[in-house]
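Note that the structure is a prediction, hence the values are computed from the model and not measured.
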Amino acid sequence: MTSRPDARALIVRVLDARSWKSWDEPPSDRAVPGSQYADEIAAARAATGYDEAVITGEGTLDGRRVAVVACEFSFLAGSIGVAATERLVRAIERATAERLPLLAAPASGGTRMQEGALAFAQMVKITVAVARHRDAGLPYVVYLRHPTTGGVFASWGSLGHVTAAEPGALIGFLGPRVYESLYGYPFPEDVQVAENLYAHGLVDAVVSAEDAREIAIRALAVLCAPRRGLERGPEPEEAGEPAEAWEAIMRSRRDDRPGVRSLLKLGADDVTPLNGTGTGEHEPGLMLALARFGTAPAVVLGQDRRRQRAGAPLGPAGLRVARRGMRLASELGLPLVTVIDTAGAALSKAAEEGGLAAEIARSLADLVMLDAPTVCLLLGEGAGGAALALLPADRVVCAQHGWLSPLPPEGASAILYRTVDFAPEIARAQGVRAADLMRDGIVDRIVPECPDAAYEPGAFCRRVARTLEYEIIGLLDTPAQDRLAARLARYRSLGS
């Protein structure tokens, strides 16, 4: 098993060679001279070569200037007291003032017990500094190391836009030794480990330090990408003659039709998958990622039709993942691309009790009022409220055989005729196909399929990616207030 790097070794592995510059000044100790605490600090300095539990500074990451704050666990268990806090906060404030992305690498038992309540309250000060950095629209990337517990995990360790964790790392709110001392029996095994946090949607990746470097490079390539002055290519080609509604629906349901993962693999660059809601929920049927389509950066949230079929239909947790993506786009000023491709939301006791209808409503409200540029892609199936939740956008693009309907046509036929036999006629009458949606002002542009995306997955995905790039760049050149006003006017006038 690879040894765990200390703070300085981690920085060497992650940053460009010889780019590190320390920002640290000698700390102001709070220990009373001659006290046991003063002796502990002196011993820690002699044993570790560190003067405090945190080090801060800057370097370059693939040539990009970044700020770094990192804990050193060997120094009094990485505990955070007043002096360590002051060092951290000054570094975060400097990163904010100089508009630098911030990389954080906690490894800590939490608050320094020798300094008591005052040290405990320092977590508020650190959280404020991180919040102001985020409010400035600057990326905050966290790498949780072994171990990260207590107040550190419950404050600046849990506020990353992107969060990765060290393999096998102990990560939790209450340390297992404290838990056993308080309650008399051990904490359940395999709960407070990085891999379990990933399984529950609390971290985005579990990776080594070397792989953390690559994730940070890819993420920052999107999070820090230029938003102005991007060159807009030629207008995308138009689609040919539309298929009949039922034929389009049948084509959209093919197992070999490219979905959102194919689109990102074949049509996008610098793709960084994100995982879960960040609040303890994970749903594989909704993919969240950072990506670039050509030169255009985006937060992508897309329905993964294949995983919905293999596991379960999209439920309320999937929409909470989507809303995480919306918040990320808003906070960082990144364009948002939503991808609709679903046979419909979950119909189950768990979905009802989990607030599915309310989550659809919240997604609609968040998306239609979002201050970031938004593009919706109707990639294939678009059935029911799960599709509607990701629809309202500044621009709506539809694949030639994509469609949108209040229910799968079979469901509508069952409602009207008590049989599914009239589904083709219902689909035609409801105006669900791309050409009908464009006629009615729901869709702005149709991406050709030549003649079917399943026959040309690579070419189709690249065509979609070029269209998304074209639409995103056009929106980035429009003032935010004008975009929002136009979006609200669009949906106000729909059907008038």
Side-chain angles (χ1 to χ4, degrees), residues 232-253 257-258 260 263 267 293 302-303 335-342 364 367-368 373-409 412 424-453 456 459-475 478 483 486-496:
R232 200 179 192 194
E235 183 147 352
E237 60 191 288
E238 296 182 1
E241 284 297 312
E244 287 295 319
W246 189 246
E247 180 187 351
I249 289 169
M250 291 295 99
R251 287 174 182 256
S252 76
R253 291 173 173 173
R257 182 178 178 84
V260 64
L263 172 63
F293 297 102
Q303 294 163 343
L336 178 73
V337 173
T338 67
V339 181
I340 295 173
D341 195 6
T342 180
L364 277 171
L367 187 52
V368 81
T374 53
V375 179
C376 171
L377 169 64
L378 258 167
L379 186 59
E381 294 183 274
L388 185 67
L390 301 189
L391 177 68
D394 297 311
R395 297 285 290 176
V396 180
V397 174
C398 188
Q400 189 170 348
H401 301 316
W403 54 277
L404 181 72
S405 175
L407 282 176
E425 291 84 352
I426 293 288
R428 182 169 59 250
Q430 285 189 325
V432 304
R433 62 181 183 162
D436 301 324
L437 299 173
M438 191 167 183
R439 176 200 64 206
D440 292 338
I442 298 170
V443 160
D444 301 297
R445 187 180 301 278
I446 299 173
V447 181
E449 301 186 34
C450 305
D452 188 314
E456 44 141 19
F460 171 74
C461 289
R462 289 188 291 273
R463 194 178 305 128
V464 170
R466 287 194 299 271
T467 302
L468 293 174
E469 180 188 27
Y470 180 87
E471 297 291 357
I472 290 169
I473 292 175
L475 293 170
T478 304
R483 281 198 312 265
R487 188 191 309 154
L488 296 177
R490 169 199 186 118
Y491 289 102
R492 176 65 182 86
S493 63
L494 198 65
S496 298

query: Looking at residues at least two apart in the chain, or sitting in another chain, which of them share a side-chain hydrogen bond (donor to acceptor under 3.5 Å, both in side chains) with Thr342?
result: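 Partners of Thr342 under the side-chain hydrogen bond (donor to acceptor under 3.5 Å, both in side chains) test: Gln308.
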Those residues that, when tested against Thr467, pass side-chain hydrogen bond (donor to acceptor under 3.5 Å, both in side chains) (two or more places apart):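 Result, side-chain hydrogen bond (donor to acceptor under 3.5 Å, both in side chains) vs Thr467: none returned.
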- request: Please test Glu235 against Arg445 for salt bridge (charged side-chain N to carboxylate O under 4.0 Å, His left out), starting from the C-alpha separation and ending with a verdict.
  value: CA-CA 11 Å; Glu235 183 147 352; Arg445 187 180 301 278; 3.3 Å; yes
query: Where do Leu263 and Val464 land on the side chain to side chain contact (heavy atoms under 4.5 Å, CB included) test, with the steps shown first?
result: CA-CA 8 Å; Leu263 172 63; Val464 170; 3.7 Å; yes
So, do [X] and [Y] sit near enough that their side-chain heavy atoms are less than 4.5 Å apart?
X	Y	answer
Pro448	Phe460	no
Ile472	Pro373	no
Pro408	Arg253	yes
Leu379	Ile340	no
Gln400	Val447	no
Leu468	Val375	yes
Glu471	Pro236	no
Asp444	Val397	no

Measure the [atom1]-[atom2] distance between [X] and [Y] for me, rounded to the nearest 0.5 Å.
X	Y	atom1	atom2	result
Ile442	Asp436	CD1	CG	9.5 Å
Arg487	Leu475	CZ	CG	8.5 Å
Leu390	Leu378	CG	CG	10.0 Å
Leu367	Leu391	CG	CG	8.0 Å
Cys450	Glu237	SG	CD	6.0 Å
Glu381	Arg257	CD	CZ	9.0 Å

What is the minimum heavy-atom distance between [X] and [Y], and which atoms define it?
X	Y	value
Ala427	Trp246	CB-CE3, 4.4 Å
Pro409	Ile249	CG-CD1, 3.4 Å
Gly382	Ala387	C-CB, 3.6 Å
Ala245	Val432	CB-CG2, 4.3 Å
Ala248	Ala243	N-CB, 4.4 Å
Pro406	Gln430	CD-OE1, 4.2 Å

- request: Run the numbers on Val337 and Phe293 for side chain to side chain contact (heavy atoms under 4.5 Å, CB included), then give the verdict.
  value: CA-CA 10 Å; Val337 173; Phe293 297 102; 4.2 Å; yes
- request: Walk me through it: do Ile446 and Glu238 pass the test side chain to side chain contact (heavy atoms under 4.5 Å, CB included)?
  value: CA-CA 7 Å; Ile446 299 173; Glu238 296 182 1; over 6 Å; no
query: Taking the six-membered ring of Tyr470 as reference, does the NZ or CZ atom of Arg232 fall below 6.0 Å from its centre and within a 45° cone about the axis?
result: yes
query: Does His401 use its side chain to pair, donor to acceptor, with the backbone of Arg433 at less than 3.5 Å?
result: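 A pair under 3.5 Å: no.
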task: Start with the C-alpha gap between Arg463 and Glu456, add the side-chain angles, then the distance that decides, and say whether salt bridge (charged side-chain N to carboxylate O under 4.0 Å, His left out) holds.
output: CA-CA 10 Å; Arg463 194 178 305 128; Glu456 44 141 19; 2.8 Å; yes
